[in-house]
Each structure stands twice: as structure tokens, then as C-alpha cells.
4 protein chains.
Amino acid sequence: MTSPKPARGRPRDPAVEKRILAAAMDTYARTGWAAFTMDAVAQRAGVGKSALYLRWPSKEKLLVDALEEHSAPVLAPDTGALETDVLALATGLLRYFLDPTGWVAVRVAVDSAVETVEFGHVRERIVRMHNQAAAEMVRRAVRRGEFPVGEPVEPFIQALYGAVLMHVLTLDPDGREQARDRLEEHVTPLVDFVLSRIRRDDRPARASGSRGSTRRPPAGPR
Amino acid sequence: MTSPKPARGRPRDPAVEKRILAAAMDTYARTGWAAFTMDAVAQRAGVGKSALYLRWPSKEKLLVDALEEHSAPVLAPDTGALETDVLALATGLLRYFLDPTGWVAVRVAVDSAVETVEFGHVRERIVRMHNQAAAEMVRRAVRRGEFPVGEPVEPFIQALYGAVLMHVLTLDPDGREQARDRLEEHVTPLVDFVLSRIRRDDRPARASGSRGSTRRPPAGPR
Amino acid sequence: MTSPKPARGRPRDPAVEKRILAAAMDTYARTGWAAFTMDAVAQRAGVGKSALYLRWPSKEKLLVDALEEHSAPVLAPDTGALETDVLALATGLLRYFLDPTGWVAVRVAVDSAVETVEFGHVRERIVRMHNQAAAEMVRRAVRRGEFPVGEPVEPFIQALYGAVLMHVLTLDPDGREQARDRLEEHVTPLVDFVLSRIRRDDRPARASGSRGSTRRPPAGPR
Amino acid sequence: MTSPKPARGRPRDPAVEKRILAAAMDTYARTGWAAFTMDAVAQRAGVGKSALYLRWPSKEKLLVDALEEHSAPVLAPDTGALETDVLALATGLLRYFLDPTGWVAVRVAVDSAVETVEFGHVRERIVRMHNQAAAEMVRRAVRRGEFPVGEPVEPFIQALYGAVLMHVLTLDPDGREQARDRLEEHVTPLVDFVLSRIRRDDRPARASGSRGSTRRPPAGPR
DNA sequence: ACATAAGCGAGACGGTACGTCGCGTCTTTAA
DNA sequence: TTAAAGACGCGACGTACCGTCTCGCTTATGT
């Protein structure tokens, strides 16, 4: 705000910032919080510790920023129909959770929910980011008449996200491995379950054959 | 069978174990992970560090056990009906998650899901413990005819637990504070949502093919 | 004093004492003070720590006793002449110092000369033990007229012992190794040097003028 | 040559080194080995333990260096005559051995003579340091014609040093105390004894063959 | 051209917790 | 009562990180 560049002295190398963030994510993903060391990050990034502490006041803040840099990928695409939207979202989410990088988001969110502040509002930001994507998806569905107007949105989103999260949590290491190759197979039952309430509510008759079959709503129209 | 007891030498004092676990929980609850020091725990328990390391190989394991000691309360009671059972379970779960003690379980489970072994089967144990309680609840419901026989159980449980978990994750510190006094108010919408599919089942008609069958989007027009 | 054996309860196993002492010497000789552990000694002796602490109040005392058990071997034999007596004594001493077990005596003596008491009068006992043997040898020499009557004994003994000690101290590990097979070769120059004063004295000619002069006994006979 | 100085990073503060060595000597002198704690030294020096372990790999090495810093004073001065040189050397040596600081050198040398490597060449350094001083003294004497050319030097030095060492070893605590105030009184008989062989050398006549040559006892009559 | 200022890699530094190990004591069972 | 086994309180060990602090060097701007 003061000016674009009244800076005196040597300007910061923007590449350094990137290398640090990448190294931070990499280190955390590989070794977890326990081995997430400032020295380690610095070394992997090929920089000195000064470069780190010039930019972030603490280890936590660094991790937070690194995380944010890499957490966009799970957005809900517009496929034209709620069912496919949800399936796509859940699949992306599952993939994200199964990826070390993505799981970091969960860990930080969980940690930040209780720890001695420090983490600031990381949790909030992460949660909001995902919530917005999901909310947008719902809004489209409402516009299309696929999602009943009065239906509360939050429980729907929380059940969806939560189901995928719990599902991952339930898997053992082998299961996680395999799940990466069979995302839809794992995700479908969950989506199916979560959608059943919504589906039922709209149209009287519906032929979405198969497993979703007759969660056919009370015949009456709305 | 439980104890062949060929034990030689001085037996471990069970009181020491208790004092340590209590001190651990106390210390953690008071000061959080940052100040959760082995020396501190030992001192508060009035024991030497040897007593700690004789029983637990690391700080993490100790914390895990300490919290396990306090995680029984979240079992699903038999209230006589599925709806009330689920409400009770979810309420207990919410209370548990809002308690620092309980939240640790989540953190540990999340951490252990990816960490380089280390935590080993902690996640497994925690998950199974909860799964069993829930499964028992469902079994009762099936016996009473409240839960359709073919209905897959896992998605139901995962959606339920996950919804509560995500709900807590969504709350900011203030929200968490308030939620402690309004458990049902927070839990009801979630339970309502999750149960909607089950409730519908007064009608037996159901043709759901096997799980995962059609990941093909509903053939219906758009 | 109360009686030879009015002892009640199980009597002490005398074999235990021996095994402990042997194990103590062995352990110390092998690994030095650093690894001279009560647990290690107990284990090597195949006994419990109680057996140790029933007999010795501390690690130091145990070592002291163990040491004493094994420090007799260097006594001055009566070969009939001073020169050969001294050579034999010095040779035995050198062998003793080159043996791990014997060197322990030196170490303990040196340690005990300054440490916070604890070691008690070990040094004293060790020193006295050797002194007596040497004094006896000198007495014989005096009787035979080989050792001048007025000649002070202590400097002679101290120079003799000290020379051997320093000689060992000067050797590097290899040198020590070799010295074990060439005891006399190493010892002769030292004996030679130390004895030169004595030898000379049978002969009257003497020119020790200088300040040291008058500790020479008044020329008169005694 | 001494320092190519390609040093990178912050250079070590030489003041820290000094403070640590001083604190080490101080702590040891005050409390003895038992209370010679790394933490204590660090605290007294006002530094962190890192500063200690950055320079010395273990407590022992630190002590060794600390005492080496204080062991210069026992060099043989050039007084112009062998007799006074030796007296001065022996007096200095006695004072050194009576000082806790100096005695440590002996302990370390004795320990290192057998220990499983560990101390490495400490013994060697200490021994050499003293040997050189004494050798220099002898060289001067030879130049002045006070010390016969063929006379073996090592036995002389070893007898001298050894006599003083044994003398100290013989003293009980009280004796040590008193000896500090009467150094010459204690040292003179020893010096006198050791020098007697050399002194005699106004008379060249000598029958003891060269050093190791005749380990056969002197042919002389008995 | 050259001083001034900041960035940067390297690593020393004061702290603090870790997990290990040893001491000397205590508590059990078996002999 | 001794003995083996081993738990226990205590406290030092040597290691690892944190976040700060110099170093020497590099890279820009301002005069």
C-alpha cells in the first residue's frame, strides 16, 4: 500500500518462498508432524533457517500457509445434475483424503480445533473453503429443483463430508492403498445413503433403477 | 486364563498406573499438548519417569491410553427404539467430541491413519470400539424391525459419526463452548437427516442391486 | 560373638559372595569403571542385586573388597640377595601392573586419593600392603649388610615402585602387549638405576655434597 | 597455515570456550567428580548444553581439556644446574599432584591406559608433555657436563616422576594437606635419592653394562 | 562508483524435553 | 531370613529442536 516498491536492500526472492512451501508440504506429508522440523524443511528447500523465520514466525504458521497453498483441488464441478455433482464431489474428496497432502488438511483442522490457539483460524478457513464449494453445488441443485427448498443444507453437507471422512478413517493402510484405485466403488454407497433423503423428496416416480430404487417419495407432489 | 501369573520379582503397583493415567489426562486437559511433558506427568503423579517408560514407550502412547481410559461413556444405550437410541448415541458422541479428552481420540485416530506406523493400531482400536457399539445398536433395531434387513449398515454409521464429527469441526471456539449446553439442539438436525432414509422403511419394497453396481449416472433425462 | 551360628532363617550362601567378587573384578577389568554396573555385576554373577546390597552398601565398597581379594600376588620373595630380590619384586610388580586385574589396584588407589572420601582407606590399605612387603625385603638386606643402615628406606621403595608405575604409564597399548613377554628386559634398566645408589654405598667413596647433604646420617656408626 | 578459515556460518565464540573450561575446573574442584555434571557446568558457565556438546563429545573429554588448560605450570625451569633444576621440577610436580586439578591428570592417565579406547591418546599427550620438559632439562645437564652421556635417561625420569607420584599416593588426606606447605621437605629425600646415581658420576668408573644389556645381575660379589 | 540496506546460507547459541540408564531401595515369591 | 527378580523415585546422560543471533556474502537502491 505504501507503494509498489519503495523497498531498499535486496528484494526477497519469490522462488525461495515457493521452495519452502513445497518442502514444508513434502516433509509433513512424508514424515508427519513429529519429523516436521524447521531444519528439515530448510534443508529440503535448500535454504537457511533465516529464510523461514523471515517469513513465518513459527512452525505452525508455516505449515498453515503451506497447507493453504495446496488445498484447492476439491471443488464441486457442475455436471448438470445433483446426483452426479455429489458423486463427483465425494470422489474428489475421497481422493483428496487418501492423498497424504490432502490428509494434512484434516489433521491440521482437527489439531487446530483445540490446541492452544496458535493455529489461529486455520480450521475456519479450511472448513469455509469446503463449505462454500458444497453450498454452491446445493444452490445449483435448488435452482434446478433437485433439492427441496426447505431442506436444511448443513446436515446434508456435514453428513456427506463426514461419511467420506469416517470411511477413510475406518480403512486400514492396505484398504487405503486399494481404495485409491477404486474411488467410486467406495464412494457410491455413501453418496447413495446421503442422497436418499433428498432424492425421495422431489418427484413422485423415479426410475433411477438399481440400488437407489424406491426411496420413492410419498407419492404426493410438492 | 486372564492371568497365568508366573510373575517373578516385585509386581507392578496398579495404583501407580492409575495415578499416571490420571495425571496424564489432567496435565493434557490443563495445558494441552505443548506442555504435556513426561516429566510434568511424572511429577504430578508423584512417580519417577522410569515408571512411565516401564509402561509406555513414548509420550504419544501414554496419551492414547490415558484417553482410552476415559472414552467408554460413548456407548449406545438401549432406549427401546432406534430413533431414541441414535439420538442418545449422537448426543453422547457430540459431548465426547466437545470435551478436550474426547477430541484427543479424534486427533490420534487422524494422525495414526497415515503416520509411519508408530501409532500402530490405535486408530483401529478406537474405530472398532465405536463401530461395535453402533453395530450393536443396529442389531437391536433390526430385531425390532426398525431397520431393514438388506440395508447396508456401514454407510449409515459412517454418515452418523461423520456428521457429528464434521459438525464439531465446523464450530468455532465460541460455538463449541455454547454447544456443550445445547447438545440436542445441535444434534437433532443431524440425526434427523441421517435417519430419514431408515424411517421411510415402513415400506418394505426395495430393489437395490448390490452396492456399487451402477456408478453410471441415473439414466434419467436431465 | 553371640554364638557361632544361632542364625535364624536361611543362612547366607558363601558361594554367592565369591561369585560376586569374581564377577566384580571381571567386570571392572573388562570394561572399566564406566561400565562397572551393579546390575552388570549381579547378572554376571548370576545373582540378584539384593545379594549385593546385603553385603556391600555401595558400588565403591564392593569394588574395594573385590580388589583386595586379588591383590596379594606381588610379594617380595627371599632370593638370598638384595639385587635379585629387587629384580624379582620389580618383575612381579610389572607383571601385576600389566594385568588388567592388577591395574585396577592402581586406578582405585589413585581415585581414592582424592574423591569425596567414600572409598575410605582403600588407598591406605593397598599402599601399606605393598610397603610391608618391600620393607621386609629391605630388612633382610640390612641384615645381610647389603643395605646401608642409615640409608632412608622410603625414597628407595617409592622410587622403585614409582619407576615401574611410570614405566607402564608411558607404554602405549602395543607396548604393554609386548612388555608382558619381556618383563625383565623392561624392568632391568629401572632396577639398575634404583639400585645404583645402594650398590655404591657398600663402597665408601661418596661425594653427595650439596644441599641434600645432611640427611646423610652422621657418618658415625649407629 | 594455522587457519585456512573457510569457515561458514556463525563462528564459535571463543569466550564461550573459556567460560566453559573455567566453569568445568571450578565445578570439579569444588564438588569432585560425583557432582561434576554437564548441566551444572553449563549453568555455571551461563551457556546451554549445546555449547558443551558442540565442542566435547563427553564429560570425560571436557574434563581432560579443562585440566590440560591448567597443567602448563609443571615445566622444568632452567636454574643453571641439574640439581636445582631437578629440585624445582620435583617441587612443581609435587605441588601439581597435591592440587585436585593436577591429580585429575594422573587419574585420567591411569584410566586411559587400559580403558576400551575411549580416552584415546590422552595418556599419550599427558605423558609426552611431561617427558619433553624433563628431557629438555636433561639435555641442558648433558651440555653442562652434569649428566653422563651414556647414562640412560628414561629410567632417571621415570624414577623421579614415579617417586613423587608414589610419595603422594602414600600420603593420607592429612598428610596431603600438610605436604602442601612443606613441599621441599617432602621432595628433597626423593630428589636426593634419584640424583645419587648421577652425582656419583664425577667418577666415571661404572660396571653396570649399558641399559638392557646385562639383565644378569651385576657380576660383582655379593 | 560506492555506500547503504536488506536477503540469504550456514551454523553457533541458550533453552527445554526427550528417552535411556544407573543407583540404591522396596516389594513380591520361593527356598 | 536369604535370595532372585524386578518395580520404583531420582537424577544425569547425550540428542534433537526451537527460535534467536551472528557471520560473510550477494543483490538491489540511492546518492
Side-chain angles (χ1 to χ4, degrees), chain A residues 5-13 16 34-40 42-43 45-60, chain B residues 5-13 15-17 34-40 42-43 45-59, chain C residues 7-13 16 34-40 42-43 45-60, chain D residues 5-13 15-17 34-40 42-43 45-59:
Chain A
K5 268 217 171 174
R8 301 234 305 156
R10 174 176 174 176
R12 291 195 182 172
D13 184 346
V16 166
F36 181 69
T37 294
M38 288 306 248
D39 294 75
Q43 190 147 25
V47 306
K49 279 205 290 176
S50 11
L52 272 67
Y53 282 100
L54 265 174
R55 295 170 169 77
W56 297 274
S58 75
K59 201 160 77 145
E60 284 79 10
Chain B
K5 203 95 194 253
R8 302 214 295 165
R10 174 176 176 176
R12 294 196 182 169
D13 185 345
V16 166
E17 196 137 344
F36 181 69
T37 295
M38 288 306 248
D39 293 78
Q43 190 146 22
V47 307
K49 277 204 289 177
S50 9
L52 272 67
Y53 283 100
L54 220 49
R55 294 171 169 78
W56 296 275
S58 74
K59 202 160 75 146
Chain C
R8 303 225 301 154
R10 172 176 175 176
R12 288 197 182 173
D13 183 346
V16 166
F36 180 68
T37 294
M38 288 305 249
D39 294 76
Q43 189 146 27
V47 307
K49 278 203 293 175
S50 14
L52 272 67
Y53 281 99
L54 265 173
R55 294 170 170 80
W56 296 274
S58 75
K59 200 161 76 146
E60 284 80 11
Chain D
K5 206 84 193 268
R8 302 215 293 168
R10 174 176 175 175
R12 293 194 183 170
D13 186 346
V16 166
E17 197 137 345
F36 181 70
T37 293
M38 288 305 249
D39 294 77
Q43 191 147 23
V47 307
K49 278 206 288 177
S50 9
L52 271 68
Y53 283 101
L54 218 48
R55 294 171 169 75
W56 296 275
S58 74
K59 201 160 76 147

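Because the structure is a prediction, the values reported are computed rather than measured. Naming convention: chains lettered A, B, ... in sequence-line order (proteins, then strands); numbering from 1 in each chain. Only heavy atoms go into these numbers, but all of them, side chains included; no hydrogens, no water, no symmetry mates.
- When all heavy atoms of D:Glu17 and D:Trp56 are compared, the closest pair comes out as CG-CH2, 4.2 Å.
- The nearest whole Å value for the distance from the CE atom in C:Met38 to the P atom in F:dC8 is 21 Å.
- If you measure from atom CG of C:Leu52 to atom P of F:dA5, you get 13 Å, rounded to the nearest angstrom.
- Between the CZ atom of B:Arg12 and the P atom of F:dA7 there is a distance of 5 Å, given to the nearest Å.
- Residue side chain C:Lys49 reaches the base of E:dG24 through a donor-acceptor N/O pair under 3.5 Å, judged by distance alone.
- When every heavy atom of C:Ala35 is checked against every heavy atom of C:Ala40, the shortest pair comes out as O-CB, 4.3 Å.
- Counting distance only, with no hydrogens placed and no angle test, the side-chain atoms of A:Arg10 and the base atoms of F:dT26 include a donor-acceptor pair under 3.5 Å.
- Remark on DNA chain F: of its neighbouring residues B:Leu54 and D:Phe36, the 5'-side contact belongs to B:Leu54, judged by nearest-heavy-atom nucleotide.
- Residue B:Ala40 is the one, among B:Ala40 and C:Pro57, whose nearest nucleotide of DNA chain E lies closer to the 5' end (criterion: closest heavy atom).
- D:Arg8 places its CZ atom 5 Å from the P atom of E:dA10, with the value rounded to the nearest Å.
- Between the OH atom of D:Tyr53 and the C1' atom of E:dG15 there is a distance of 15 Å, given to the nearest Å.
- Side-chain atoms of C:Ser50 and base atoms of F:dA4 include a donor and an acceptor less than 3.5 Å apart.
- Taking all atoms of both residues into account, the shortest heavy-atom contact from A:Ala51 to A:Arg55 is O-NH1, 2.9 Å.
- In this structure, of F:dA3, F:dC23, F:dG9, it is F:dC23 that holds the atom nearest to the side chain of D:Pro11.
- Across all non-hydrogen atoms, the minimal contact from B:Met38 to B:Tyr53 is CG-OH, 3.4 Å.
- Checking A:Val16 against D:Val16, the closest nucleotide of DNA chain E that is more toward the 5' end is the one next to A:Val16.
- Atom pair D:Glu17:CD and E:dA12:P shows a separation of 12 Å (rounding to whole Å applied).
- D:Lys59 places its NZ atom 17 Å from the P atom of E:dC21, with the value rounded to the nearest Å.
- Between the CG atom in B:Leu54 and the NZ atom in B:Lys49 there is a gap of 13.5 Å [rounded to 0.5 Å].
- When the nearest nucleotides of DNA chain F are assigned to A:Asp39 and C:Arg55 by heavy-atom distance, the more 5′-ward of the two goes with C:Arg55.
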